[in-house]
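For clarity, every value in this text was computed on a predicted model and none was experimentally measured. Residue numbers begin at 1 in each chain, while the letters A, B, ... track the order of the sequences.
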Amino acid sequence: MIRERLKVIVDACFAKGVSEGKWSDAAAEKYTVEAPKREGQGDFSTNMAMVMAGMEKKNPRELAGTLVEILSGEDEIIERLEIAGPGFVNIFLKPAVWQEVLRPILKAGDNFGRSTIGNGKKVLVEFVSANPTGPLSIGHGRQAILGDAIARLLEITGHEVFREYYFNDAGRQMRVLGESTRARYLELQDLPSTFPEDGYQGQYIKDIAQALFDEKGDSLNTQEDAKPFTEKAVELIFENISGTLERMGVHFDNYFNEHSLYDNGHIDSVVSELREKGLVYEKDDAVWFKTSDFGQEQDRVIIKSSGEPTYRLPDIAYHREKFRRNFDWMVDVFGSDHIATVPDVMSGLEALGYDSSKVTVVLHQFVTLTRHGKLVKMSTRKATFVTVDELLDEVGTDVARFYLMMRKADSQLEFDLDLAAKQEKDNPVYYVQYGHARLCSILRRAKEMGIDVEKLEQADLSLLVEAEELQLLKTIAAFPASVESAALDLAPHRAIFFLMELAGELHSYYNKHKVIDPENVPQAVTQARLCLVAGVQQVFKNGLLMLGLNAPEKM
RNA sequence: GCGCCAGUAGCUCAGCUGGAUAGAGCAACGGCCUUCUAAGCCGUAGGUCACAGGUUCGACCCCUGUCUGGCGUACCA
C-alpha cells in the first residue's frame with residue numbers, strides 16, 4: 001500500500017526529470033522502488049540512477065544527485081533521502097506514514113488482504129485428478145493442498161474460481177482393480193483365485209472384498225465379469241478419497257468424468273477435426289497426431305491399434321471442453337510425472353485453434369518421504385506408500401497443510417514423518433499460530449482490564465516509535481502485495497514465508513516490549529500498542545484463514 | 001542420448017522482473033520465566049550459492065559448457 005503510493009511520487013519525479021531535460025525516458029518502467037533487505041538503507045530504495053546510467057552514459061551517482069534534488073520537493077511523506085553504494089537513492093519515510101497504516105487495516109478487518117486485481121476473471125483450477133484405484137498418497141496430498149491454496153489465493157484476489165477434479169473410472173486400470181478385488185473376494189472364502197500380476201496389493205482391496213462379501217455373500221463366486229467388483233471398488237475408494245479431501249479441507253465444484261467425453265462424442269470430434277486439418281494419419285494400424293508440426297521431436301499415437309485411445313486424446317478433448325466452458329484462465333496442477341502430456345495437450349489445443357497460453361501448468365516435484373531416517377519408496381500398486389489419511393492421523397490437518405504448501409512447486413519436498421509427528425513444539429506451524437494466540441491473549445487481557453477495545457482507533461499512533469513497532473507496521477502494510485504476488489505467481493509458499501517472517505518479528509517485539517503494564521507503560525502508549533496488536537493479529541488471522549489453516553485464539 | 005526440475009550453512013529449504021555486507025527454521029553451543037502464553041526471546045558458531053568460463057556499473061539469479069540427483073522420454077495414465 002505504501003510502496004504503491006511512493007512509486008507514484010517517484011514516477012512523477014522521473015517524468016519531471018524527463019521534461020526538464022535531465023535524462024531521457026528510456027528508463028521508464030525499468031527501474032524499481034523496493035524495500036531494501038538490509039536495515040539502515042531506507043524504507044525504500046530506487047535503482048533508477050543506475051538503470052539510467054548505462055542508457056545516458058552518465059555517472060550513476062551524479063544522476064542520483066539530480067534525482068534527490070527533484071525528490072526533495074516531495075516532503076509530504078518523505079523525511080529524508082540519501083545516495084548510497086553505487087547509486088541507490090534510499091528513501092526514508094516519516095514514521096507517521098507507517099503509523100497511519102493501522103487505521104485502514106483495522107477498518108478493513110477480515111477483508112484486509114483481499115483485492116480485486118483478478119477483475120472477476122474466470123479461472124478453472126484442476127487438481128488432484130487421481131483415478132479411483134486407491135487411497136490418496138502423500139504425493140496427491142501435496143497436489144491437493146497446492147491446488148487448494150492456489151484456488152484460495154486466486155479467490156481472495158478477485159478471481160472467479162472453479163475447482164475441478166478430473167477422473168477416469170473406466171479402462172484397463174479399472175479392470176485390474178476389479179480383478180484384484182475379485183481375487184481377494186475368493187481368497188477370503190478360501191477359494192482358489194488368481195491375483196493379477198500387476199494387481200493392486202494394498203490392504204484396502206481386502207477391505208473392499210470383505211465389504212462386498214458382507215453385502216452380497218457368496219453370490220458373486222461364479223461371476224465371470226469383473227464389473228460388479230470394479231463398481232464396488234470404485235464406489236468405496238471414491239468414498240475414501242472424498243473423506244480424505246474433506247479432512248484436509250479441500251472441496252471441489254465439479255468432478256469431471258473422463259468417460260463423459262466418450263459418451264458426448266467429444267473424443268470422436270477431436271479426431272475428426274484434427275483429421276480435417278490434415279494433422280493425423282494412420283500408421284501400423286494406429287492413429288498418429290502430427291505433434292512434430294508443433295515443434296516436438298516426434299509424432300504421437302492418439303488411438304492405439306486396438307482401437308483404444310491413448311491418454312493424450314481424452315486429455316486434449318477435456319481441455320477443449322475447458323475452453324468451451326469459457327474460462328479466461330486454466331490452471332492445471334500436475335505431478336512432475338505428467339510432464340510428457342503437457343506439450344501434447346498444448347499442441348492439441350493449438351491444432352484445434354485455441355490459445356494455449358491461457359493454460360498454465362503448475363508441475364510439482366515429488367514428495368520424498370523419510371521415516372526412521374530412511375527413504376520410503378512409494379507405489380500405489382504395491383501399496384508401499386503412505387496415505388494422506390495416515391499422515392493426517394499422525395500430524396493433524398494444519399501441520400500437513402502447512403508442510404505441503406511450504407515449498408515451491410519446483411522443489412522436491414522432503415517430508416520427515418518422525419519429525420513432523422514429534423515436532424509438536426519446534427514446528428513452524430505452531431510458531432505462526434502461537435503468534436496469533438499470543439496477540440489474542442493480550443487483547444483478552446485488555447478487555448479484562450476494562451480497556452475499551454472499540455475506541456482503539458482513536459489512539460495516538462504517533463506513540464509507536466520503537467524500531468520493532470515500525471518494522472511490524474511495515475510488514476503488515478506489505479501483506480496485500482505479498483498475497484497478490486503469491487496468487488498471481490501461483491506460489492502459495494510465499495504466503496507461508498510471509499507469515500513466518502511476521503511471526504519472527506512479533507515474537508521479538510513481544511519479548512522486548514510490554515503492551516499492558518500500568519506501572520511502566522503509560523496508558524496512551526498501551527492504547528497505541530493495542531492498536532498495533534489488533535492490526536498484527538488481524539493479519540495473522542487473515543493470512544492463516546486464507547491458506548485454510550486455523551487461527552487459534554488460545555494454545 | 002534428448003527434454004523438464006533441482007544442486008545455497010551439518011539437515012530441510014527461502015531468495016519474486018539481475019542490485020548494496022548471503023537468509024530462515026531445525027540441529028550445536030552459551031544465556032533469559034515472582035512481569036501481557038518459554039509452542040517464545042537474546043547471543044555464538046556455521047557458506048568457494050555444484051564446477052568452469054562469459055555478459056555488465058553490478059550475477060545465487062541471465063548465457064555457454066561440465067558434473068551430480070529426481071522425473072519423463074510407451075500403441076501405461
Side-chain angles (χ1 to χ4, degrees), chain A residues 30 32 34 36-38 41 45 47 50-51 53-54 59-60 84-88 90 129-131 133 168 171-173 198 258 283-288 296-298 300-306 308-312 314-315 335-343 363-366 368 370 406-416 419 423-431 433-435 437-446 448-449 482 485-486 488-489 491 493-494 496-497 500-501 503-504 506-517 519-521 526 529-530 533 554-555:
Chain A
K30 298 227 165 106
T32 58
E34 290 176 325
K37 290 175 195 160
R38 211 158 278 282
Q41 297 176 340
S45 177
N47 61 355
M50 283 161 345
V51 172
N59 182 314
F88 288 102
N90 295 340
S129 296
N131 289 341
T133 59
N168 178 18
R172 205 189 71 89
Q173 275 184 96
D198 54 352
E258 178 179 325
K283 192 179 90 181
D284 304 332
D285 292 328
V287 179
W288 296 70
Q296 294 196 50
E297 268 186 39
Q298 45 184 313
R300 302 289 184 186
V301 170
I302 52 172
I303 300 179
K304 304 182 225 172
S305 51
S306 66
E308 269 182 304
T310 62
Y311 62 89
R312 298 184 185 94
D315 278 2
S336 62
D337 53 335
H338 280 63
I339 188 163
T341 87
V342 176
L363 278 173
H364 69 266
Q365 297 295 313
F366 275 18
T368 53
T370 54
M406 148 166 103
R407 305 299 179 211
K408 67 177 179 211
D410 281 340
S411 293
Q412 283 187 21
L413 189 160
E414 181 172 311
F415 207 118
D416 185 330
L419 204 68
Q423 249 190 354
E424 293 198 344
K425 292 190 174 181
D426 299 317
N427 197 312
V429 189
Y430 301 128
Y431 185 71
Q433 292 182 326
Y434 187 53
R438 272 186 147 174
L439 295 173
C440 288
S441 173
I442 294 177
L443 293 171
R444 269 197 306 275
R445 168 60 70 93
E448 282 166 22
M449 295 182 61
S482 170
S485 132
L488 296 180
D489 292 344
H493 74 280
R494 276 191 218 152
I496 293 280
F497 276 86
M500 291 200 284
E501 194 182 317
L506 182 271
H507 289 309
S508 286
Y509 176 59
Y510 184 96
N511 275 276
K512 195 162 175 188
H513 303 285
K514 297 275 290 186
V515 175
I516 303 170
D517 187 356
E519 286 175 21
N520 301 303
V521 179
T526 291
R529 289 184 177 173
L530 280 170
V533 165
K554 280 185 184 173
M555 285 177 74

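In this structure, A:H513 atom NE2 and B:C41 atom P are separated by 15 Å, rounded to whole Å. Taking atom OH of A:Y430 as the reference point, atom C1' of B:A39 lies 9 Å away to the nearest angstrom. To the nearest angstrom, C1' of B:C36 lies 14 Å from CD of A:E519. Distance NZ (A:K512) to P (B:A38): 18 Å, rounded to an integer number of Å. With rounding to whole Å, A:D410 atom CG is found 13 Å from B:C4 atom P. If you measure from atom CD of A:E34 to atom P of B:G15, you get 14 Å, rounded to the nearest angstrom. Note: OH (A:Y510) to P (B:C41) measures 12 Å, nearest angstrom. At whole-Å resolution of the value, CG in A:L363 and C1' in B:C71 are 10 Å apart.
Under the 90° criterion around 0 for the glycosidic angle, B:C29 counts as anti.
Remark: A:E297 pairs with no residue by the salt bridge (charged side-chain N to carboxylate O under 4.0 Å, His left out) rule, at least two apart or across chains. With sequence neighbours excluded, the residues forming a side-chain contact (heavy atoms from CB on, under 4.5 Å) with A:R444 are A:C440, A:S441, A:E553, A:K554, listed by chain and number. Every residue two or more places apart in sequence or in another chain was checked for a ring pair (Phe, Tyr, Trp, His ring centres under 6.0 Å) with A:Y311, and none qualifies. Applying the salt bridge (charged side-chain N to carboxylate O under 4.0 Å, His left out) criterion to A:D337, with sequence neighbours excluded, gives no partner residue. Every residue meeting the side-chain contact (heavy atoms from CB on, under 4.5 Å) condition with A:V342, not counting sequence neighbours, appears here in chain and number order: A:F334, A:M346, A:V361. For A:H507, the ring pair (Phe, Tyr, Trp, His ring centres under 6.0 Å) partners two or more places apart in sequence, or in a different chain, are A:Y431, A:Y434. Partners of A:K512 according to the side-chain contact (heavy atoms from CB on, under 4.5 Å) rule, which considers only residues two or more places apart in sequence or in another chain, are A:E468. A search for side-chain contact (heavy atoms from CB on, under 4.5 Å) contacts involving A:A437 returns A:M555, not counting sequence neighbours. Looking at residues two or more places apart in sequence or on another chain, you find a ring pair (Phe, Tyr, Trp, His ring centres under 6.0 Å) between A:F415 and A:Y403.
Here, B:G25 and B:G19 have their P atoms 23 Å apart, quoted to the whole Å. Comparing B:C2 with B:U8, their P atoms are spaced 24 Å from each other, to the whole Å. When the P atom is compared between B:C13 and B:C57, the two are found 37 Å apart, to the nearest whole Å. Using P as the reference atom, B:G70 and B:G30 are 39 Å apart when rounded to the nearest Å.
Checking the phosphate oxygens (OP1, OP2) of B:C76, no side-chain nitrogen or oxygen of A:R312 falls inside 4.0 Å. Contact annotation: A:R438 reaches the phosphate of B:A38 (side-chain N/O to OP1 or OP2, under 4.0 Å). Within the structure, every side-chain polar atom (N or O) of A:H493 is placed at least 4.0 Å from both OP1 and OP2 of B:C16. Listed pair A:S508 / B:C42 meets the phosphate criterion, a side-chain N or O lying under 4.0 Å from OP1 or OP2. Neither OP1 nor OP2 of B:C36 sits under 4.0 Å from any side-chain N or O of A:Y509. Considering only side-chain N and O atoms, A:K304 lies under 4.0 angstrom from the phosphate OP1 or OP2 of B:C76.
A:E414 is listed as a side-chain neighbour of A:T370, based on a closest heavy-atom distance under 4.5 Å. Using a 4.5 Å heavy-atom threshold, the side chains of A:E308 and A:I303 count as separate. Contact of the A:D315 side chain with the A:R312 side chain is not registered, since no non-hydrogen atoms from C-beta on lie closer than 4.5 Å.
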Show each protein N/O and nucleotides 54-62 of chain B N/O combination with a separation under 3.5 Å, one pair to a line.
none

Heteroatom pairs (N/O) under 3.5 angstrom, protein to nucleotides 7-12 of chain B:
from	atom 1	to	atom 2	distance (Å)
B:U12	O2'	A:R407	NH2	3.1

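Nucleic acid contact for A:S485: base, since at least one base atom lies under 4.0 Å from a heavy atom of the residue. Among the heavy atoms of the strands lying under 4.0 Å from A:H338 is at least one base atom, whether or not backbone atoms are also near. Among the protein residues, A:H364 comes within range of no part of the nucleic acid, since none of its heavy atoms lies under 4.0 Å from any strand. Among the heavy atoms of the strands, none lies under 4.0 Å from A:A486. In this structure, A:E501 reaches neither bases nor backbone, as no heavy-atom distance under 4.0 Å exists between it and the strands shown. In this structure, A:F497 reaches the sugar-phosphate backbone alone: every heavy-atom distance under 4.0 Å involves primed, P, OP1 or OP2 atoms, never a base. When heavy atoms are screened at a 4.0 angstrom cut-off, A:N131 is found touching the sugar-phosphate backbone but no base atom. A:A437 comes within 4.0 angstrom of a nucleotide base, judged by non-hydrogen atoms across all strands. Note on A:N59: nothing from the nucleic acid sits closer than 4.0 angstrom, heavy atoms only.
Here B:C75 is the nucleotide among B:C75, B:G40, B:A20 with the atom lying nearest to any side-chain atom of A:S305.
Defined by atom type and a distance below 3.5 Å, a donor-acceptor pair is present between the side-chain atoms of A:R494 and A:S485.
Checked by distance alone, A:N47 brings a side-chain donor or acceptor within 3.5 Å of a matching partner on the base of B:G19. With hydrogens and angles left out, the side chain of A:N90 and the base of B:A20 share a donor-acceptor pair within 3.5 Å.
In this structure, the aromatic ring of A:F366 is not positioned over the six-membered ring of the base of B:G70 within 5.5 Å between centres and 30° between planes.
The nearest heavy atom of RNA chain B to A:Y311 and to A:G85 marks one nucleotide each, and the one closer to the 5' end goes with A:G85. If you find the closest nucleotide of RNA chain B to A:P36 and to A:T341, the one lying nearer the 5' end belongs to A:P36.
Between A:H513 and A:Y509, the angle of the ring planes lies from 30° to 60°, which puts this pair in the tilted group.
By the 4.0 Å N-to-carboxylate-O rule, A:D489 lies too far from A:K408 to be salt-bridged with it.
Pairs of Watson-Crick or G-U wobble type, with distances under 3.5 Å, assemble into runs of 3 or more in RNA chain B at these ranges: B:1-7 with B:67-73, B:10-13 with B:23-26, B:28-32 with B:40-44, B:50-54 with B:62-66.
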